[in-house]
Amino acid sequence: MIYPHNLVAWAIRWLVVLVGKCLLEIVPSRFFWSRSPSSFTIRRRRASTLHGSHPYIAPKDSDDRSPCPALNTLANHGYMYVLPSLQPRRPQDIRLLREAFGLSLPLATFLTLGGFALLHQHETGARLTEIRLSDLARHGRIEHDQSLAHDDTLPGEKYAPCRPDFHRLRALLDSSHNGRGLTLRDVARARVLRAQGVPQLDKMHAEIARGEMALVLGIFGTPVGKIDEEYPEEQQVALDMLLPWWEQERFPQGWVPTKRQGLLSTMRMSAVMRREMRRLESAEKQLAS
C-alpha cells in the first residue's frame with residue numbers, strides 16, 4: 001500500500017525510471033554498450049521459461065474474457081493466476097506484460113495505466129481492484145467498433161462481443177498482398193475497407209484502432225523492406241502466426257519476443273499507418289469522381 005507521505009517519493013521514482021527508459025529508446029544502444037547481457041536478453045530468456053511452464057488451455061464458455069487477444073492469451077496460458085485482478089498499481093503486473101510480449105517499460109506502463117483510466121471503472125460502483133477481463137468490453141471506453149477481428153457492438157448493448165468473429169478475421173487475413181503475411185500497407189487497406197459504410201470512429205478510438213495493429217506488427221512482425229525515409233522498415237507478420245493468436249488466442253508455437261517493442265516506435269508505426277490510410281482514401285475518392 002502507498003501511504004500519502006510516500007506518494008511523492010513513489011511518483012518521482014517512477015518518473016525517473018520512465019524518463020530513463022524513454023532515453024534508452026531514443027539514444028542508440030551503442031552508447032550504453034556493456035559486456036553483460038542486456039535487460040531485454042534476460043527478459044527473453046524469462047519469456048521462454050514462462051511460455052514453457054504455461055501450456056495453452058482452451059477457455060470454457062463460462063470463462064471471463066475480453067475483446068483483447070493479448071490479455072486473453074495470457075488468461076488461456078494460465079498467467080491470470082499470476083495476474084488475477086489486473087491491478088495497475090502492482091509493478092509485477094507491468095513486468096509480466098513486458099516479459100510475455102517484449103514491451104518496453106514506458107509502453108507497458110502507458111497501456112496499463114492508460115487503459116484503466118479510460119475504463120472509468122468508478123462509474124460502475126466497483127473499486128479499481130475489482131476489474132475483470134470482461135470489463136474491457138464496455139463499449140465506448142477502450143473497446144470500439146470497426147474491429148478487424150470482432151463484430152460491432154449491437155445497438156443498445158453496453159458490452160461488445162469478446163469472441164473473435166470468423167468472417168471478420170478471414171477478411172483481415174485475405175487482405176494479405178502475398179498470401180503469406182500481413183504488412184503495414186495490408187493492415188491500412190483492411191482498416192479503410194472496414195470503415196466503409198459504418199459510422200466513423202472519433203479521433204481517440206481511431207488512434208486506439210491503429211495502435212492495436214501497430215502493436216501486432218511490432219511484436220510479431222519481421223522487417224521485410226522499406227516504406228519511406230520517415231519509417232524505413234516495413235513489418236510483416238506471418239499468417240500462420242496470426243491465426244492461432246487471434247482465432248484461438250494462444251501464443252504461436254515456439255514463439256518468444258525477439259525484440260523490444262517501444263512506445264515511440266509504436267507511435268511512429270501508427271502515424272505511418274494513418275498516412276497510408278489517408279493516401280488510400282484519397283485515391284478512392286479520385287477514382288469515384
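- For M241, the CE atom is densely surrounded, since the number of other residues' heavy atoms within 6.0 Å is greater than 12.
- Atoms CG and CD, on D186 and Q236 in that order, are 7.5 Å from each other to the nearest 0.5 Å.
- Remark: side-chain polar atoms of R194 are paired, donor with acceptor, to backbone N or O of S147 under 3.5 angstrom.
- Using a 4.5 Å heavy-atom threshold, the side chains of L169 and L243 count as touching.
- In this structure, Y56 is not a member of the same hydrophobic cluster as L71, with clusters built from ILVMFWY side-chain heavy atoms closer than 4.5 Å.
- Taking 4.5 Å as the limit, some side-chain heavy atom of W255 sits within range of a side-chain heavy atom of F220.
- Not a single donor-acceptor pair under 3.5 Å links the side chain of S282 to the backbone N or O of R278.
- Checked by atom type, the side-chain pair Q235/T183 shows no donor-acceptor distance below 3.5 Å.
- Minimum heavy-atom separation, L133 to A75: CD1-CB, 4.0 Å.
- No more than 12 heavy atoms of other residues, nucleotides or ligands sit less than 6.0 Å from atom CD of Q253.
- A donor-acceptor contact shorter than 3.5 Å is absent between the side chain of E249 and the backbone of A58.
- Heavy atoms only, all atoms of each residue included: L263 and S104 are closest at N-OG, 3.7 Å.
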> Which is it for E276 and R189 under the salt bridge (Lys or Arg N to Asp or Glu O under 4.0 Å) test, yes or no, and what are the steps along the way?
Replying inline: CA-CA 8 Å; E276 178 66 12; R189 184 167 58 253; over 6 Å; no

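- A heavy-atom distance below 4.5 Å is not found between the side chains of L215 and F101.
- Annotation: side chain of F251 is not in contact with side chain of N76 (no heavy-atom distance under 4.5 Å).
- Atom NE2 of residue H144 and atom NE2 of residue H205 lie 7.0 Å apart, to the nearest 0.5 angstrom.
- Defined by atom type and a distance below 3.5 Å, a donor-acceptor pair is present between the side-chain atoms of T266 and Q261.
- L172 contributes atom CG, which lies 9.5 Å from atom CZ of R191 (distance to the nearest 0.5 angstrom).
- Of the listed residues (E143, R163, H139), just one forms a side-chain contact (heavy atoms from CB on, under 4.5 Å) with P67, and that residue is E143.
- Here the CG-CZ distance, from L136 to R141, works out to 12.5 Å after rounding to the nearest 0.5 Å.
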